[in-house]
Number of protein chains: 2
Amino acid sequence: MVNEARKELVFRRGEVMSREGEPINSFMYLREGLVKLYKTNIHGKDQILSINIPGDFINLLSIFSTTEYKYSITALEETKVCEVNLDVIKKLVKSNSKFSLRLLNRISYISDEVIQNHFEINQKQVKGRVAYFLLFLADHIYKSHTYRMPVTRREVGELISMTTENTIRTLSEFRKDEIIGMDGKTISILDYERLVNIGRTG
Amino acid sequence: MVNEARKELVFRRGEVMSREGEPINSFMYLREGLVKLYKTNIHGKDQILSINIPGDFINLLSIFSTTEYKYSITALEETKVCEVNLDVIKKLVKSNSKFSLRLLNRISYISDEVIQNHFEINQKQVKGRVAYFLLFLADHIYKSHTYRMPVTRREVGELISMTTENTIRTLSEFRKDEIIGMDGKTISILDYERLVNIGRTG
DNA sequence: TACAAAATATGACAAATATCATATCGATAA
DNA sequence: TTATCGATATGATATTTGTCATATTTTGTA
């Protein structure tokens, strides 16, 4: 049943996959690539909720609470998504309690992560926030101390709630202090311990 | 089945109902009263996640993602809770797909609310935050323009991410500007429109 | 009641962060 | 190729917020 209803979609870097306010009519599983979930405020500024990676059900947080997207989703790089019609999923939930328990676990876990993340960011100041994000990319996304940042400095700021200028300034400072190496978008963490310490204490 | 496993509990103001790190072994439905969910950070300071009211499943956000509380829960006033053993609930989810769909909807809705709330607070400055909270109490909790605040100024600060001093200062300012009346913990909103405007623009 | 502790209150000052200005670099499209 | 726009970069300054000190009031409890 699910197999028949499945559709494969490819999005290019920068493409908006779904927009705040639009009706939700599919369940999206991220196969390849990277996406951002974000909300645009009344001043036209974006706040990024999360960055999602392959294996994530990228719109799971919304589909059971509302019929319209509360956040927009944009591809940060070439992204492949597996879409399943939402009605099919909802029928499956009704008929298959194992499936719904798995969804319950998953949705619970995701919301925990988002909230936890928000708390962490909130109690840190600029340096701690940038350190936290650099470590998030190293530990959670790329599993490497050297990586190419998938977002602009502005987007980093939108994720950790600070201005673009202060984000750039803080990165420059980390470079000057030889905590990181930086070549355009390529970051290499030179002093992991120190970064962890900055990320922990704020 | 659920009826037999049900237990009624009463907590007094200030009583800790569950503590971060403790095992979760019941499902809690709030019948009467008011509680706060909060997290204590490494500096020993609390950050309040939400204030819950009768009708809320106060630990729903945690029970399917983890076996231990991620947040503490404390009664803000005399509170009556209906507790059901967690195993009973989990069995029910497995056997009753309508029930699990309802839980899915509910959990989704709650996490949306928490995240939404955090976003709102985050993009405002002190005055906007205090206004937002005063309106939250008026519109959502008490459905009245005059009410007795259920929390201290410190707790208000813990909820809207600012210091106790600035919370107090901002309230005093609102009083001086005749936007609110204040007598101890009793608040009366005198200029609702202006408060809405402050809460909207920041 | 009386005492201690917590909550409220306010001022002065320090620290953190945002804003504005301006420059350079780099990618993209005509 | 060149022009343009967005991204990165950095300094100067303004604004916001936090911190520290200290006083008063309220609350809870012996």
Side-chain angles (χ1 to χ4, degrees), chain A residues 12-15 36 41 43-47 74 76-77 121-131 133-134 148-177 180-187 198 201-202, chain B residues 12-15 36 41 43-48 74-78 121-134 148-177 180-187 198 201-202:
Chain A
R12 281 165 307 169
R13 185 176 128 66
E15 256 189 285
K36 64 171 175 177
N41 73 17
H43 309 293
K45 285 186 182 168
D46 289 348
Q47 280 188 268
T74 290
L76 293 173
E77 53 184 56
I121 292 295
N122 206 38
Q123 70 190 62
K124 295 181 200 316
Q125 349 197 101
V126 288
K127 284 186 200 177
R129 290 178 186 190
V130 174
F133 179 68
L134 293 174
R148 192 178 154 76
M149 260 218 248
V151 290
T152 64
R153 309 288 195 261
R154 180 169 56 77
E155 285 171 316
V156 175
E158 286 166 1
L159 190 58
I160 61 181
S161 293
M162 40 189 280
T163 57
T164 308
E165 292 95 324
N166 278 335
T167 305
I168 291 170
R169 243 186 282 272
T170 305
L171 285 169
S172 298
E173 203 176 331
F174 284 171
R175 177 173 48 191
K176 272 181 212 124
D177 295 344
I180 63 170
M182 218 184 356
D183 179 23
K185 286 218 187 305
T186 302
I187 300 284
I198 293 169
T201 56
Chain B
R12 278 166 310 169
R13 186 175 127 66
E15 257 190 283
K36 64 172 176 177
N41 73 18
H43 310 293
K45 284 186 181 167
D46 290 348
Q47 282 187 269
I48 298 178
T74 290
L76 293 174
E77 53 184 56
E78 173 105 357
I121 292 296
N122 206 38
Q123 71 191 63
K124 295 183 200 315
Q125 349 199 98
V126 287
K127 283 187 200 176
R129 290 178 186 190
V130 174
Y132 182 79
F133 179 69
L134 293 175
R148 193 176 153 76
M149 261 220 246
V151 289
T152 64
R153 309 288 196 260
R154 180 169 56 76
E155 286 171 315
V156 175
E158 287 167 1
L159 190 59
I160 62 181
S161 292
M162 41 190 277
T163 58
T164 308
E165 290 95 325
N166 278 333
T167 305
I168 292 170
R169 240 187 284 271
T170 306
L171 284 169
S172 297
E173 203 175 332
F174 284 173
R175 177 173 47 190
K176 271 182 214 123
D177 294 345
I180 63 170
M182 218 183 358
D183 178 24
K185 287 220 187 302
T186 301
I187 299 285
I198 293 168
T201 57

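Order of the sequence lines sets the chain letters (A, B, ...), proteins ahead of strands, with each chain counted from 1.
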*Asks:* Looking at D:dA9, I'd like to know if its phosphate oxygens (OP1 or OP2) sit under 4.0 Å from a side-chain N or O belonging to A:Arg153.
*Replies:*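 For A:Arg153, the contact criterion (side-chain N or O under 4.0 Å from OP1 or OP2 of D:dA9) is met.
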*Asks:* Please classify the nucleic acid contact of A:Arg154 as base, sugar-phosphate, or nothing, using heavy-atom distances under 4.0 Å.
*Replies:*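 Since only primed, P, OP1 and OP2 atoms lie under 4.0 Å of A:Arg154, the category is sugar-phosphate.
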*Asks:* Whole Å only: how far is the NZ atom of A:Lys127 from the P atom of C:dA16?
*Replies:*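 Rounded to the whole Å, the gap is 8 Å.
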*Asks:* Rounding to a whole Å, what distance do you find between B:Asn166:CG and C:dT17:C1'?
*Replies:*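 In whole Å, C:dT17 C1' and B:Asn166 CG are 14 Å from each other.
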*Asks:* Between A:Ile168 (CD1) and C:dA23 (P), how many Å, whole number?
*Replies:*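 Between P of C:dA23 and CD1 of A:Ile168: 17 Å.
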*Asks:* If you only use heavy atoms from C-beta on, which nucleotide in D:dT17, C:dT10, C:dA21 is closest to the side chain of A:Glu165?
*Replies:*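 The listed nucleotide nearest to A:Glu165's side chain is C:dA21.
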*Asks:* Would you indicate what A:Lys176 reaches in the nucleic acid, counting non-hydrogen atoms under 4.0 angstrom: base, sugar-phosphate, or nothing?
*Replies:*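 Counting heavy atoms under 4.0 Å across all strands, no contact is made by A:Lys176.
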*Asks:* Roughly how many Å is it from CD in B:Gln123 to P in D:dT17, rounded to a whole number?
*Replies:*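 B:Gln123 atom CD is separated from D:dT17 atom P by 14 Å.
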*Asks:* Would you mind reporting whether A:Val130 and A:Phe174 have side-chain heavy atoms less than 4.5 Å apart?
*Replies:*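 Counting from C-beta outward, A:Phe174 and A:Val130 do come under 4.5 Å.
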*Asks:* Among C:dA18, D:dT8, D:dT19, which nucleotide sits nearest the side chain of B:Thr163?
*Replies:*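 Between C:dA18, D:dT8, D:dT19, the one nearest the side chain of B:Thr163 would be D:dT19.
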*Asks:* Is any side-chain heavy atom of A:Leu171 closer than 4.5 Å to a side-chain heavy atom of A:Leu134?
*Replies:*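 They are in side-chain contact.
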*Asks:* Starting at NE2 of B:His43 and ending at P of D:dG18, how long is that distance when rounded to a whole Å?
*Replies:*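 It is 14 Å, rounded to the nearest whole Å.
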*Asks:* Using a cut-off of less than 4.0 Å, is there contact between a side-chain N or O of A:Ser172 and OP1 or OP2 of D:dT10?
*Replies:*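 Yes, such a contact exists.
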*Asks:* Rounded to the nearest Å, what distance is computed from the CZ atom of residue A:Arg13 to the P atom of nucleotide C:dA27?
*Replies:*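 These atoms are roughly 11 Å apart.
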*Asks:* Side chain to side chain contact (heavy atoms under 4.5 Å, CB included), that's the test. Do B:Arg129 and B:Thr170 meet it? Break it down for me.
*Replies:* CA-CA 10 Å; B:Arg129 290 178 186 190; B:Thr170 306; over 6 Å; no
*Asks:* Nearest to the side chain of A:Val126 - C:dT19, C:dT17, D:dT27?
*Replies:*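 Closest nucleotide to the A:Val126 side chain: C:dT17.
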*Asks:* Is the shortest distance from a Lys or Arg side-chain nitrogen in A:Glu173 or A:Arg169 to a carboxylate oxygen in the other one below 4.0 Å?
*Replies:*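 Looking at A:Glu173 and A:Arg169, the cut-off is not met.
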*Asks:* Is B:Val151 close to B:Lys36 at the side-chain level, that is, under 4.5 Å between some pair of heavy atoms?
*Replies:*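 When only atoms from C-beta onward are counted, B:Val151 and B:Lys36 do not touch, as no gap falls below 4.5 Å.
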*Asks:* In whole Å, I'd like the distance from the CG atom of A:Asn122 to the P atom of C:dT17.
*Replies:*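 Distance check: A:Asn122 CG to C:dT17 P gives 12 Å.
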*Asks:* Please determine whether a side-chain nitrogen or oxygen atom of B:Lys185 lies at a distance below 4.0 Å from atom OP1 or OP2 of C:dT8.
*Replies:*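 So the side-chain polar atoms of B:Lys185 do come within 4.0 Å of the phosphate oxygens OP1 or OP2 of C:dT8, strictly under.
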*Asks:* Atom CZ of A:Arg169 and atom P of D:dA12: how far apart are they, to the nearest Å?
*Replies:*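 In whole Å, D:dA12 P and A:Arg169 CZ are 11 Å from each other.
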